[in-house]
Every structure is written in C-alpha cells, then in structure tokens.
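Before any comments, here is the structure.
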Amino acid sequence: MALTIAPRAGFCNNTPMEKIRNFCIIAHIDHGKSTLADRLLEITGTVEKRAMKEQYLDSMDLERERGITIKMAPVRMNYELGIGNNDSEKKSNSQFAIPNSSFILNLIDTPGHSDFSYEVSRALTAVEGAVLLVDATQGIQAQTLANFHSAQKAGLTIIGAVNKIDMHPPGLEAVVDDVARLVGIPRDEVHRISGKTGEGVAELLRAVIEKVPAPTRREGERAALIFDSLYDDHKGIIAFVRIFSGAFRAGEEVRLMRAGEKLKIKELGALVPKMQSRETLDVGEIGYIATGIKDPDKLKIGDTIGPAVGGDALPGYREPQPVVFVAVYPHEDSDYDDLKVALYRLKLNDASFTFEPDMSEVLGRGFKCGFLGRLHFEIITQRLEREFNLKTVNSFPSVAYEVKQRGEWQTVQNPKDFPDDYEDVRQPIVHLEILTPARFLGEVLSLQSQFRFSGITTDNFGDYIIVTTKLPLSELVSDFDDRLKSVSQGYASFSYELSEPMPADLIKLEILIANEVVPGLTRVIFREDADREGRKMVERLKDLLPKQQFTQALQARAYGRIIARENIAALKKDVAGYLYGGDRTRKMKLWKKQARGKERLKRTGRVSLSPEVFRELLKK
Ligand code: GDP
Ligand code: MG
C-alpha cells in the first residue's frame, strides 16, 4: 500500500495539469461506491487509518444510517506511484509509464438513486473519467446502465470494475462479461476488486492514472464551474468548483457570470475532504471557493465564477425540476417558525428542493414542498425530524397536473385544488427503463395488472432484458419500487426520466374523518379506481388508526358523494406507556400534553399521520 503525506496548506499549489486526474465513481445504489472511496482515501493516506469510519464521505448521519449517499462528495487525494510497500506492487509500477511520480486525484463520490441523477449529471461535467462499479453479486442494474450512458454522453473515459469479489459470487465471470460488453472493452480490462478488503484497489487507482486523461485548458478567460455548494454560517455560500481555465487567488475580486454579481473570494482551497485553505486554485483543479454570499438566490449551481470584468459563462446545467409535491405542516402550530427556518437551511444545501407557504383550514399554516422523487421527500422529512427535531404532518405525495378549465390551462400541484369540473387534463409521464434478469421477465411484465404501463418494448442485453415503457409519474411515486423488487426477488431495477405529459381521466378522492376532509389525504386518482380506492382507504385507515382518541367516522368522497364509510372506536392512547421507572413528573407532563392534544384534535379534526401510515396507505 502506498504511503503519502496529506498535503499541507500551500504544498501542492501549481500542480502541473498533467499530474491531475479528475474522476468519479458511478454505480447502482449499494454497489459499493462509498466503500471503494473509503479504500481510496486510505491507500492515498488522505484519511489516517485510525480516523477512518465506514462510508467516510457520507457525512450526514442519515446517509450513514440508511447506507445511501445523498449528496456528492468531492475529495482531493495525493498518490505517489512507485512507493508501494510490497514487491508485486513495485514490480507492476516498474512497468508503468510514469514511475515514481506524484499525482493529484480528485474524486467525486456520487449518489446512485434515480431521484438524485441530477447530482450525478453535475459531477460528470467536472471530471474526465469515471469508474463504473458493478456489484458482482447483483450484476448490472438499471442505474448502472443509466449512469453509464450519462458518462458516455459527457465524453468521459470509463473504467469498468466488478466489486465485492471477496464474497466469491458464483456469477462473477458472467458479470465481468456483462461489464466488458457494456463498456466495450476486453474482459481482462475489467477490474476485479473488493472495496471491503482493498483487493485490486491499488491496481484500479493505477488504471485511473494511466487511462483517464489529464484535464485540458479551455480557451478564454479564467472560469470556474460551480457544480455544488454548501452553506456555512461564517463564510456564506461555499461553491464547489472545477477550474476550466486560468487560476483563482484568495482575496481577489471575481464575478458570478450569469447572476452578474461581483464578489471577493474570502477563502479558497482543496477538499481533503475537509476544507483546507490555499492561496490559489489552478486550471484543472477541483476545490472550493468561499463567496461570502448569504442569499442562495444569488448563487446558482451551474453558474460560472469568472473575472470581475469580461470573460464568459461556461455551459451550465438544466435547473432541476421538482416533480413530487407534498404539503408539510408542523406537528405543533407553534413550530411553524422553526419549520420555516429548517426548510430554509435544508434548501441552502439542496437547491433541487423547493418550498412555499401553504395554508389549510384544518391543518393550519404549513408549506408546499417540491421534491425530485419520493426518496428525496422521505429524506428531507427525516432530516427535519433528525437534525431539527421537528415532527411534521405530511400530505400524500402528489404530482402536478395540467388542467383545462373554462378554456384555460393551469398547473395544479395541490390535489385539494383539483377541480371537479375540468374540460381536459394532462398528467406527467415517465419513460421507464427496467432491467431484469431474463428469468424474471414474466413477473416484471405481470406488474401491468397493477400499474399502467403503455407501449412496452423489450431488448436483450446478455442474460438480461431491458423493458422500456411509459408510466404515469403518480404510479411511480406510489409503491412501484417495492413491487418491482418483490416480484423479482430484488433482481430487477429501474431508472426513469420525465417524458411528455399525456391526457388522463382523473378525479379527486377525499377522505373525511369525523365529517371533516383531511386535506393531506386528498388524492387525484384515475376515475375507474375511485370505488376501489375509496373503500381501500377507509379500511386501511381503520386498521392503521386503532388508537384514535374519540369515536370517528371514516369516509371516502368522490365526485361529490360518499363512496365508502367505516367507524373507529374511542380508545385511550397510553402515551406514557413506554416510560419505565417512576418519573412521575415526566408522565404527568405527557398526560397533560395528551389532554391538550385531545382538545385540539376535537377542535380541529387534526389527525397526525406518520410517513409510515402514508406509505401503508399508498400501497397498491
Ligand atoms: P453505495 O450505495 O454504492 O455507495 O454502496 P456502499 O459503499 O454504501 O456499500 C453498500 C453495501 O455493500 C455496504 O453494506 C457495504 O459494506 C457493502 N460493500 C461494499 N463494498 C463491498 C465489498 O467489496 N465486499 C463486500 N462483501 N461488501 C461490500
Ligand atoms: Mg454511497
């Protein structure tokens, strides 16, 4: 294993460009990107072994706990080729074209889920190469294909690697074949590695240096592409940048090319992965620039930092479009301001998430939030709870419809605003690509009985079938994910892209508890599903809300009439039951709170539904 000293401030300024390699790791979720990144940090001595924790770059608690990367994480590493401490490494180094050289490797670890493909696309424009990682026990999956195609479109050099070989999966050779076929390389060029044990990782790193081209200088004045940002209370917005031409120096005046905003660079430097300040950032490098800007509307990801006068903007990014909408209300009305601050803070580091004030007669003041997908929504609400200690009452995730009423088209994002008397309506559609081992094709196609696929085509890819179809986005955000996994025993996977909206016959379904509409449960559904959905909803609610605090009628209403009804009985909820020991005052407090809550419930009809309840209600 090579030993290098982590760079000190000022140490690696003016690195010649030919010694820089910028690359990212792309893969389907769980195929081992973050774990491989851990090994790379270790091998390069970027993070000391004793400071190492698993999935080091997943800095959010939630990322570690759920084991998924939500945000991309750039890191700069030094790698000294030829100082290997074992003979085989020395031997292979001696055959290498540039022996005993020091390289700067800028790695960007990316998230794998389709909801975050926007993050991946941004990372791809900041690098020259990509390691395409495939879990040998799982084989190629839908996101492998989607990421591969994006990397190819971005013109990157792609290095194929099969991971988790320490598990000695019987299908290893077939997976190697598939990766070779996909990337278009001979099978002996596919790396066989274990991110867990480190086997093959040094060789992979060497291939990155050998195959990924060094960055090149772009013509024109200095320009830094902002591919991500982070909010810091003291330094303001910190832009993560890739320098495409020229150099930037701390303290000098620069300009945001698109926003037209001038600023003085407060600080700049490398991410190792913590911020390490330096005097300059040179062409080809990846690093950070602290802008001092506090207003997130002024600094947009995709903007270019250029000279104070002159210069031009680099091609930016398509702005992310939220497609899933959820009304989020504070559990306690008094938490409204805290919720607002929390949402604002989350948005500072996640530009793809939107929110605006929303008012409901029953639930009070809240926010209508837009997300990139259902996973994105779940993550934000979990972060609210985790990082800000805020419980929320959330509506069903819904999608935006184009509705024509009295000759005018308008967009309806909130189901409660969906009119009963529309003339025409269009719903968002996704282009869906499912990748399944051939043996599960029948099961995958059987999903047609539950989900509205239209225009199915199939293609062979080795032992896999690629099923391409269109599906209403509303169906995708219900439990498509779980159903696909369950019919294919976890082997099939999907990726999606938004497609053209299509006409649909839809109606509004409302759920009433104690004769009051629960706005969060209002949904827009297909007319032909109304009776079935109405009945199912009240029955499920009856099961899911066994401990309501007073007798209530549960009803479903569609096209102006009640289509299903159930009753739930009164039952005292033992809120203090989980507290052991004799903490009487604590219990008293809880009981008092419960009494107050009961008052409130009666007054407002508010029913707090946890995300789990929604998840259950959403199931087909
Ligand atoms: P990511 O979603 O692609 O970032 O994947 P992670 O790095 O979070 O890894 C997903 C899971 O696979 C974790 O439980 C890892 O411990 C495990 N894993 C990753 N690499 C290896 C490997 O080489 N061998 C084994 N046995 N497990 C691995
Ligand atoms: Mg990860």
Side-chain angles (χ1 to χ4, degrees), residues 1 23-43 46-47 52-75 107-124 127 130-148 150-151 158-173 175-176 179 190-205 207 228 273 373 375-376 378-379 382 435 481 485 490-491 493-495:
M1 200 174 278
F23 71 108
C24 59
I25 308 176
I26 51 176
H28 193 80
I29 193 160
D30 274 351
H31 283 203
K33 292 178 293 295
S34 301
T35 307
L36 171 60
D38 287 352
R39 291 296 83 70
L40 296 179
L41 293 177
E42 229 171 66
I43 287 182
T46 311
V47 175
M52 195 74 210
K53 21 183 196 179
E54 274 181 38
Q55 277 115 44
Y56 190 90
L57 296 179
D58 289 347
S59 51
M60 282 185 232
D61 281 350
L62 195 60
E63 287 185 311
R64 295 171 163 284
E65 199 163 302
R66 293 188 59 149
I68 50 172
T69 306
I70 299 164
K71 265 192 94 66
M72 66 174 111
V75 58
L107 161 69
I108 305 180
D109 181 19
T110 60
H113 192 277
S114 257
D115 278 11
F116 303 110
S117 54
Y118 170 66
E119 292 266 327
V120 180
S121 71
R122 279 165 19 208
L124 296 180
V127 297
V131 171
L132 181 75
L133 199 62
V134 178
D135 182 335
T137 67
Q138 296 287 314
I140 285 178
Q141 300 208 301
Q143 213 55 42
T144 316
L145 290 186
N147 285 329
F148 170 77
S150 316
I158 299 166
I159 297 172
V162 172
N163 191 27
K164 308 196 187 179
I165 57 165
D166 58 288
M167 293 172 82
H168 304 290
L172 174 67
E173 294 311 314
V175 178
V176 170
V179 173
V190 176
H191 289 257
R192 295 145 187 259
I193 68 160
S194 165
K196 192 169 187 175
T197 65
E199 193 179 346
V201 176
E203 288 75 10
L204 178 66
L205 206 49
D228 201 6
L375 181 65
H376 190 207
E378 285 174 10
I379 282 166
Q382 284 183 14
L435 186 74
D481 213 338
K485 282 274 171 274
Y491 283 104
S493 55
F494 73 93
S495 67

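Being a predicted model, the structure only gives us computed values, none of them experimental. Below, all heavy atoms of this structure are taken into account, side chains as well, without hydrogens, waters or symmetry copies. First listed ligand is number 1; within each ligand, the first listed atom is number 1.
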Any chance the side chains of His31 and Gln141 put a donor and an acceptor closer than 3.5 Å?
yes

Could you list the residues that satisfy side-chain hydrogen bond (donor to acceptor under 3.5 Å, both in side chains) with Glu173, not counting sequence neighbours?
Arg187, Arg192

Look only at interatomic distance and state if Ile165 has a nitrogen or oxygen under 3.5 Å from any nitrogen or oxygen of ligand 1.
no

Strictly below 4.0 Å, N to O, side chains only: are Asp109 and Lys33 in salt-bridge contact?
no

Which atoms of ligand 1 are found less than 4.0 Å from any heavy atom of Thr35?
6 (P), 7 (O), 9 (O), 15 (C), 19 (C), 20 (N)

One residue to check: Ala27. Relative to ligand 1, which of side chain, backbone, both or neither has a non-hydrogen atom less than 4.0 Å away?
neither

Residue-level breakdown please: for Leu36 versus ligand 1, do any non-hydrogen atoms fall below 4.0 Å on the side chain, on the backbone, on both, or on neither?
neither

Taking side-chain hydrogen bond (donor to acceptor under 3.5 Å, both in side chains) as the test, write out the residues that go with Asp481, two or more places apart.
none

For atom 11 (C) of ligand 1, which of the options His168, His31, Lys164 provides the nearest non-hydrogen atom?
Lys164

For a side-chain contact (heavy atoms from CB on, under 4.5 Å) with Ile25, tell me which candidate from Leu132, Ile159, Leu36 qualifies.
Leu36

Answer side chain, backbone, both or neither: which part of Met167 comes under 4.0 Å from ligand 1, heavy atoms only.
side chain

